[in-house]
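Heads up: the structure comes next, in structure tokens.
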Amino acid sequence: MWDYTDKVKEHFLNPRNVGEITDADAVGEVGSLACGDALKLFIKLDEKKERIVDARFQTFGCGSAIASSSALTEMVKGKTLDEALQISNQEIADFLGGLPEEKMHCSVMGQEALEVAIAKYRGVEAPKHGHDHVETEGEIVCKCFGLTDIFLKKVISSNKLHTAEQVTHFTKAGGACGGCIPKIKELIAEVMGEEKKAAPERPTKLTNLKKMQLIQETLENEIRPQLWADGGDLELIDIDGANVQVAFRKACAGCASSGNTAKFVEQKLREMVSPDITVQEVQG
Amino acid sequence: MKEIYLDNNATTRVDERVFEEMRPYFCELYGNPSSMHFFGGQVQKKVDEARSRVAALLGALPDEIVFTACGTESDNAAIRSALEVFPEKRHIITSRVEHPAVLTQCRNLTKRGYRVTELNVDGNGQLDLKELEAALDDDTVIVSLMYANNETGVIFPIEEAAKMVKAKGALFHTDAVQAVGKIPLNMAESAIDLLSLSGHKLHAPKGVGVLYVRRGTPFRPLLVGGHQERGRRAGTENTASIIAMGKACELAHLHMPEEAGRVREMRDRLERELTALIPNTRINGGGTNRLPNTLSIAMEFVEGEGILLLLSEKGICASSGSACTSGSLEPSHVLRAMGVPFTCAHGSIRFSLSRFTTDAEIDAVIKELPPIISRLRQMSPFGREFLNK
Ligand code: FES
């Protein structure tokens, strides 16, 4: 059974705002029966057509799909359309105290429905989403779930996804036949490459505080995801000047080649943070 | 809240009588059955008794029984053995609806150059023996087909299949994990070479299984080392669990006819009432032979996890044939192989009963499930026009 937070359970058992709004100003529909989840979102605006006064939903899906829909309708009320558009899938998940990673696609679905509804209302072309299962912009990468490269890259980048498995959890891509996984990995690499280019040049002189921050970020965003992919992990134990102490966890702990792994960590940190860094493996 | 446990195809409660039988073999009679002294000897006797009890349930000979750690190990050992015995043959036949213990293994073997034929099933989840016959060739080393399906309870015509396979000179293995103890089997009159079973599906604890190996069947062990199980499975015996397995088999053997009848009646009543009370349902595998304890019911326009969570709020434990509960995203491979439409597959729920299931528990499901389904359907964007009529 999934480890759902109390808030998820609460919103699943007592979903807020279930149903339709017959004179809705905006309706957004994503998902399909085949896909296993679908959401229809209804939005009602105030007289000046500025703020959202009511939102209702119909959902076909699992516990977290229902809870995410309920959360979304609560979150948009009182917001202007532009403010509502700012809501990210991560915020929907946060509102619920978090979702299991395997269920993040439910929060993505909520965000998509909102975008579709607002685009329709404004008469602009609705953004194309993976959950739609219609001809979409870009090239289809995952045939099973009909997801395009443009959609996948967007989710990869906005949620900082590093592994194909994470992409599956967020979008379902790769969750059926798995045929698209190599392509998903390419997309991840592409997004990472683009982001690296876009990232500002590393400042030449780092203050100690900056250095420590950068070390932490590099460990979190660049190094640990790669270790996870092989079932390993590490923990940052201490930073003393340029000396970084780490302890290996899971498959990396006690791995015969942890020395090589430490070398890899050191190399990466030298490249991303500062050339004088040394990495020391400690038991912690 | 009293729990109502209707997920017995996943695992069963250990019968008190089984537990009592195994209890002394932890702290008092903890000898190693391989030891030469009397202390090990008395355990050895008890292990032998367990072997005879398992054999009696299967209509087999005691020396045809090999104790393993689980059904998965038995399945793996059976297939691996066949491949080692006949290294020149490279073709394996199985079905699309097997348990992953068989299916995953076979699919992995394709990477090692084996040709694997996965037989299809029809809309009822039933096998077409003509397809098996057509698939068999001189290169076929082993055919592995489950006796009864864990999700739908559908029983395959295993004896006919086994005869067909033997006539072609291949080995025949069946994963009978769901069938043993629920329907009678008789190895003495069977053509099956290898058969797997698992303790925790018949009220013994988890962590013990059996591989039946017909006398004269060439066999290569998966685990090598000591001489336990007459060289067919090395490793110190899990004695307490083996003894429990023996007792569980004895109980199944003694009570099967009466129990199966009672369980079937409850299952049929559950099926009748639910289909009457809930519109737009279908029974997966309903049109063919099924285990007496299994009901897989598909309800359109709702998704399985929601149903399970709401049932769980009422203390009812069942299982879903759908994606979201398992972490995989598609409906179960069994329902997909049967061609169950998506409108139904996502909303399929499996109730599996046991000797401990009571009429009152069935009543509770009949009372609680229909309002849950209508509540979720009210929430669903699909099929509303249709259901509101
Ligand atoms: S193509 Fe993506 S899972 Fe099948």
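Below, chains carry the letters A, B, ... as their sequence lines are ordered, and counting in each starts from 1. Keep in mind the model is a prediction, meaning the values are calculated, not measured.
Residues of residues 363-376 of chain B lying under 4.5 angstrom from chain A, judged on non-hydrogen atoms, are B:Arg375, B:Leu376 by number. Residues of residues 64-72 of chain A lying under 4.5 angstrom from chain B, judged on non-hydrogen atoms, are A:Ser64, A:Ile66 in numerical order.
Residue contact with chain B, scored on non-hydrogen atoms closer than 4.5 Å, involves the side chain of A:Pro15 exclusively. Interface residue B:Leu310: backbone and side-chain heavy atoms are both found under 4.5 Å from chain A.
Other residues, nucleotides and ligands contribute more than 12 heavy atoms inside 6.0 Å of the CD atom of B:Glu271. Annotation for A:Lys185: atom NZ does not count as buried by contact number, only 12 or fewer foreign heavy atoms lying within 6.0 Å. Heavy atoms from other residues, nucleotides or ligands lying under 6.0 Å from NZ of B:Lys314 number 12 at most.
The shortest heavy-atom contact between B:Pro381 and A:Phe60 is CD-N, 3.4 Å.
A distance-only check finds a donor-acceptor pair linking the side chain of B:Glu305 to the backbone of A:Gly63 [under 3.5 Å].
Scanning for salt bridge (charged side-chain N to carboxylate O under 4.0 Å, His left out) contacts around A:Glu101 gives an empty result, with sequence neighbours left out. Checked against salt bridge (charged side-chain N to carboxylate O under 4.0 Å, His left out), B:Arg90 has no partners two or more places apart in sequence or in another chain.
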